[in-house]
Structures are given as structure tokens and as C-alpha cells.
Amino acid sequence: MKRRGIGFYFRIYCKILAQDLKSKMSYRADFIISTIGMICTNIAGFISFWILFRNFSSINGWGYYEMLFLYGFSLISLTPVQCFFDNNWSLRMYVYSGDFIKYCFRPINLFFYYQSEVFDIKGLGQLAFGAGTLIYAWIKLGLACTPLMLLKTVLFLFTASLIMISLQNAAAAACFWIQNSFYILDLAYRFRDYAKYPITIFNAAFRFIFTFLIPIAFIAYYPSLVILRPDEVPLLSWLSPLIGVVFFCISYKIWMFGAMKYSGTGS
């Protein structure tokens, strides 16, 4: 197959995205209701967060605004998986029905073609809520707002998002081998709830698991330390970009390995 450049895939994605948005706008009531639901979910999470800190002024040395920073950081870093990789939730249905076979005969990257078919625009509401929370916490903490700080924030947000994308890709790919794979994908998704807390509040066993096995600590905690506590940044924080890229590549290989072994339902 002829190798395609980034420009080619960008143009293709823009065309697919335009068609997907047109189809969604034809059901505006559904879009509005689902967007309101997404916003209400984030507001409910914020209220729970606020209630928790009415009873505790700090958690293991982390104050309210630092925790709020982690919360906003995690919401923003989870937005790409919500917007660009939402089609992973439908993968098992395509595989079981045999409809996935149609993706195997296109002269473009299989992973790109499948994921690009769906853009969940509701994730933009989550992005706005997370950005507002992050900015509010940033101001309250009195953090510097220099070009270098902003550049580091954008870089570490991008690489942090690769972790959740990787977890979802690998969990979704389980459907190529396991029939009841939904529970694996749902479990991977639920781990995001732990991403907004500092890893130091967990015991040693969970710290190891959330750092090296299911690396959700790299969704918010380790990347945020570069911004929040620049004088005590551990090595793992600086390695976050590399770790994000490595885990994404591994999850991509797992997804593609399962997809290339797929041969339809056999019926």
C-alpha cells in the first residue's frame, strides 16, 4: 500500500468530520440534550468536589485549589479521547456483527479510518468546563503566566491525554479476542475518576499499579507537578511525554494486531 503523508490524512479527516457534523446537526434536539447532560455531569462532579473540601481543608498536603487544578487538568486531558476516539465504544458491535470487515478494504490506515468516522462534539463542553476550572485554579494559586509556562502546560496536557487514549484503545481492542469485552472497556473508562486525585493519597500498592501498570497517574498528577510544584518535580513528571507516546504506540499496535487478524463473523 502506498504510504500517505500527514497532509493527506488531515484533508481526509476534515472531509469526514464535516459529514459527521452535518449528520449530527440534523438531530439538533438530541445534540442539545446530550450536551446539557455532559455539562450537568461535570457540574455534579464539581459540586461533589466542593462538598468534600468543605469537610477537609487539604488532602495529604494538597490544598483545595491545587486539587481543583488537578480536576481541571484531568478534564482537559480526557477531552481528546472523548472527541476523537469515541467510536471505540462501538467497535465490539461492528466486530460481532461482521460490519467491521468494510474498514479492511480501504486504501488508508485502518485505525485512522475507523476512529475518524465519529467526532463527539459534546466533548467540547467538557473542554470548556475543564479550561474554566483550570484557569480559575491557576489564578487563585498565583501561578506565573509566562510563554514557557503556557508551552509546558499545552505539551503536558497533550501527552497526558495519550494515556487515556492508550487505555481505551487497548481495552476496546479486547473485542477481537473476548466476546464480553464491554466490561473491560467500561473498567478502563472508569479509571479516569481516579486521575483527578494525587497519587500520594493511595497506598504503596495502588501507587505502583497507577504508575506502572495502569498509568492513570500520568493523566493529571505527574504532568501537573511541572506547573504546580516546579521546585520538586520528580523524574517521572519529566518522562511523562515519553511515557505517553510509548503507551500510545503500544495500544496502537495491539489495536492494529487485532484488526489485522479479524476475518469477519464466518457466517
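Index from 1, following the sequence.
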Visitor: Using only atom types and a distance under 3.5 Å, with no angle test, would you say the side chain of Ser161 pairs donor to acceptor with the backbone of Leu78?
Guide: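 No, because the side chain of Ser161 does not come within donor-acceptor range (under 3.5 Å) of the backbone of Leu78.
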Visitor: Any side-chain heavy atom of Ser116 within less than 4.5 Å of one from Phe84?
Guide: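 A side-chain contact is absent here, since even the closest heavy-atom pair is not under 4.5 Å.
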Visitor: Checking ring-ring contact (aromatic ring centres under 6.0 Å, His included) between Trp255 and each of Phe111, Phe248, Tyr262, which is the one that passes?
Guide: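 That would be Phe111.
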Visitor: Using 0.5 Å steps for rounding, measure from the CG atom of Asn109 to the CD atom of Gln115.
Guide: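 Here the interatomic distance stands at 10.0 Å.
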Visitor: Could you please spell out the steps behind the side chain to side chain contact (heavy atoms under 4.5 Å, CB included) verdict for Trp138 and Tyr65?
Guide: CA-CA 8 Å; Trp138 190 300; Tyr65 292 113; over 6 Å; no
Visitor: Report yes or no: does Ser237 contribute a side-chain atom to a donor-acceptor pair with the main-chain N or O of Tyr222 at less than 3.5 Å?
Guide: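 Yes, because the side chain of Ser237 sits within donor-acceptor range (under 3.5 Å) of the backbone of Tyr222.
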Visitor: Between Phe208 and Ile214, is there shared hydrophobic-cluster membership here, with clusters defined by ILVMFWY side-chain heavy atoms closer than 4.5 Å?
Guide: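 Shared cluster, yes.
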Visitor: For residues Ser74 and Lys196, report the shortest heavy-atom separation together with the two atoms involved.
Guide: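 Between these two residues, the closest heavy atoms are OG-CB, 3.6 Å.
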Visitor: Should Tyr189 and Arg192 count as side-chain neighbours, where that means a heavy-atom distance under 4.5 Å?
Guide: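 They are in contact (side-chain heavy atoms under 4.5 Å apart), so the answer is yes.
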Visitor: Determine whether Leu91 and Asn87 make a side-chain contact, defined as any pair of heavy atoms from C-beta on separated by less than 4.5 Å.
Guide: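 With C-beta onward as the side chain, the pair stays apart.
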Visitor: Taking it one step at a time, do Leu228 and Leu143 satisfy side chain to side chain contact (heavy atoms under 4.5 Å, CB included)?
Guide: CA-CA 8 Å; Leu228 286 175; Leu143 299 174; 4.2 Å; yes
Visitor: So, for Pro198 and Met67, which heavy atoms are closest and what is the spacing to 0.1 Å?
Guide: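 Heavy atoms only, the tightest pair is CD-SD, 3.3 Å.
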Visitor: Would you say Asn169 and Ile254 make side-chain contact, with heavy atoms under 4.5 Å?
Guide: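 Asn169 vs Ile254: side chains apart.
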Visitor: Could you walk me through whether Phe119 and Ile16 pass the side chain to side chain contact (heavy atoms under 4.5 Å, CB included) check?
Guide: CA-CA 9 Å; Phe119 178 86; Ile16 295 175; over 6 Å; no
Visitor: More than 12 heavy atoms of other residues, nucleotides or ligands under 6.0 Å from OH of Tyr183: yes or no?
Guide: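 No, because the 6.0 Å sphere around OH of Tyr183 holds 12 heavy atoms or fewer from other groups.
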Visitor: Using atom types as modelled and distance alone, determine if a side-chain donor or acceptor of Gln126 lies under 3.5 Å from a backbone N or O of Leu75.
Guide: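 Judged by distance alone, yes, a pair lies under 3.5 Å.
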Visitor: Between Ala174 and Ile184, what is the shortest heavy-atom contact and its length?
Guide: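 Where Ala174 meets Ile184 most closely, the heavy atoms are CB-CD1, 3.9 Å.
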Visitor: Ile163 and Gly244: which non-hydrogen atoms are nearest, and at how many Å?
Guide: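 The pair with the smallest heavy-atom distance is CD1-CA, 3.7 Å.
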Visitor: Which value, rounded to the nearest 0.5 Å, describes the distance between Leu187 atom CG and Leu167 atom CG?
Guide: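 Reported value, rounded in 0.5 Å steps: 10.0 Å.
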Visitor: Short question: side chain of Glu232, backbone of Arg229 - any donor-acceptor pair under 3.5 Å?
Guide: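 Checked: no pair found.
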Visitor: How about Ile6: does its CD1 atom have over 12 heavy atoms from other parts shown lying under 6.0 Å from it?
Guide: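 No, the 6.0 Å shell around CD1 holds no more than 12 heavy atoms from other groups.
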Visitor: Could you grab the distance from atom CG of Leu162 to atom CD1 of Ile243, nearest 0.5 Å is fine?
Guide: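 The CG atom of Leu162 sits 12.0 Å away from the CD1 atom of Ile243.
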Visitor: Is it the case that Tyr103 and Glu117 place a side-chain donor and acceptor less than 3.5 Å from each other?
Guide: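 Tyr103 vs Glu117: donor-acceptor pair found between side chains.
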Visitor: Minimum heavy-atom separation for Ala160 and Pro223, please, with both atom names.
Guide: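 Taking Ala160 first and Pro223 second, the nearest heavy atoms are CB-CG, 4.0 Å.
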Visitor: Should we say atom OH of Tyr194 is surrounded by more than 12 heavy atoms from elsewhere, each under 6.0 Å from it?
Guide: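 Count not over threshold, so no.
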Visitor: How long is the gap from OH on Tyr71 to OG on Ser224, to the nearest 0.5 Å?
Guide: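 So the gap between those two atoms works out to 14.0 Å.
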Visitor: Hey, is OH on Tyr197 packed in by over 12 heavy atoms from elsewhere, all under 6.0 Å?
Guide: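 For Tyr197, atom OH is not crowded (no more than 12 foreign heavy atoms under 6.0 Å).
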Visitor: Over all heavy atoms of both residues, which pair between Cys83 and Leu124 is shortest? Give the atoms and the distance, please.
Guide: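 So the minimum-distance heavy-atom pair works out to SG-N, 4.0 Å.
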Visitor: Got Arg92 and Phe176 here, is their nearest side-chain heavy-atom distance under 4.5 Å?
Guide: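 No; the side chains remain at least 4.5 Å from each other.
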Visitor: A side-chain contact here means heavy atoms from C-beta on lying under 4.5 Å apart; do Ile12 and Phe112 qualify?
Guide: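 Yes; the side chains approach each other to less than 4.5 Å.
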Visitor: Transitively linked via ILVMFWY side-chain contacts under 4.5 Å: Phe10 with Ile108?
Guide: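 No, because Phe10 and Ile108 fall into different hydrophobic clusters, even though each may have its own neighbours under 4.5 Å.
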Visitor: Do Leu134 and Phe69 come within less than 4.5 Å of each other through their side chains, counting heavy atoms only?
Guide: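 The answer is yes; the side chains approach within 4.5 Å.
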Visitor: Quick one: are Ile165 and Ser251 in side-chain contact, heavy atoms under 4.5 Å?
Guide: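 Side-chain contact under 4.5 Å: no.
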Visitor: Ignoring hydrogens and geometry, is there a side-chain-to-backbone donor-acceptor pair from Thr133 to Gly72 under 3.5 Å?
Guide: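 Checked: no pair found.
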Visitor: When the ring centroid of Tyr221 is compared with that of Trp62, is the distance short of 6.0 Å?
Guide: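 Centroid distance Tyr221-Trp62: below 6.0 Å, so yes.
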Visitor: Roughly how far apart are Gln82 CD and Met164 CE, rounded to 0.5 Å?
Guide: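 One finds 10.0 Å between CD of Gln82 and CE of Met164.
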Visitor: Please round to the nearest 0.5 Å and tell me the distance separating atom NZ of Lys102 and atom CG of Asp99.
Guide: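 CG of Asp99 is found 6.5 Å from NZ of Lys102.
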Visitor: Does one hydrophobic cluster hold both Tyr64 and Ile135, with members joined at side-chain heavy-atom distances below 4.5 Å?
Guide: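 Per the 4.5 Å side-chain linkage, Tyr64 and Ile135 are not co-clustered.
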Visitor: Checking Leu150 against Val154 for the side chain to side chain contact (heavy atoms under 4.5 Å, CB included) test, could you report, in this order, the C-alpha distance in whole Å, the side-chain angles of both residues, the deciding distance, and whether it holds?
Guide: CA-CA 6 Å; Leu150 294 177; Val154 172; 5.5 Å; no
Visitor: Quick one: does any side-chain atom of Ser181 pair with a main-chain N or O of Trp177 as donor and acceptor, under 3.5 Å?
Guide: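 A pair under 3.5 Å: no.
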Visitor: Given the rule that I, L, V, M, F, W and Y join up when any side-chain heavy atoms are under 4.5 Å apart, are Ile227 and Leu151 in one cluster?
Guide: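 No, no single cluster joins them.
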Visitor: Do other residues, nucleotides or ligands put more than 12 heavy atoms under 6.0 Å from the CZ atom of Phe158?
Guide: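 Open.
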Visitor: Give the cluster check for Ile121 versus Val118: same hydrophobic cluster or not, with ILVMFWY residues linked at side-chain heavy-atom distances below 4.5 Å.
Guide: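 Different clusters.
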Visitor: With Tyr94 as reference, evaluate Tyr114, Phe100, Trp89 under the ring-ring contact (aromatic ring centres under 6.0 Å, His included) test and give the passing residue.
Guide: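 Between Tyr94 and the candidates, ring-ring contact (aromatic ring centres under 6.0 Å, His included) is satisfied uniquely by Tyr114.
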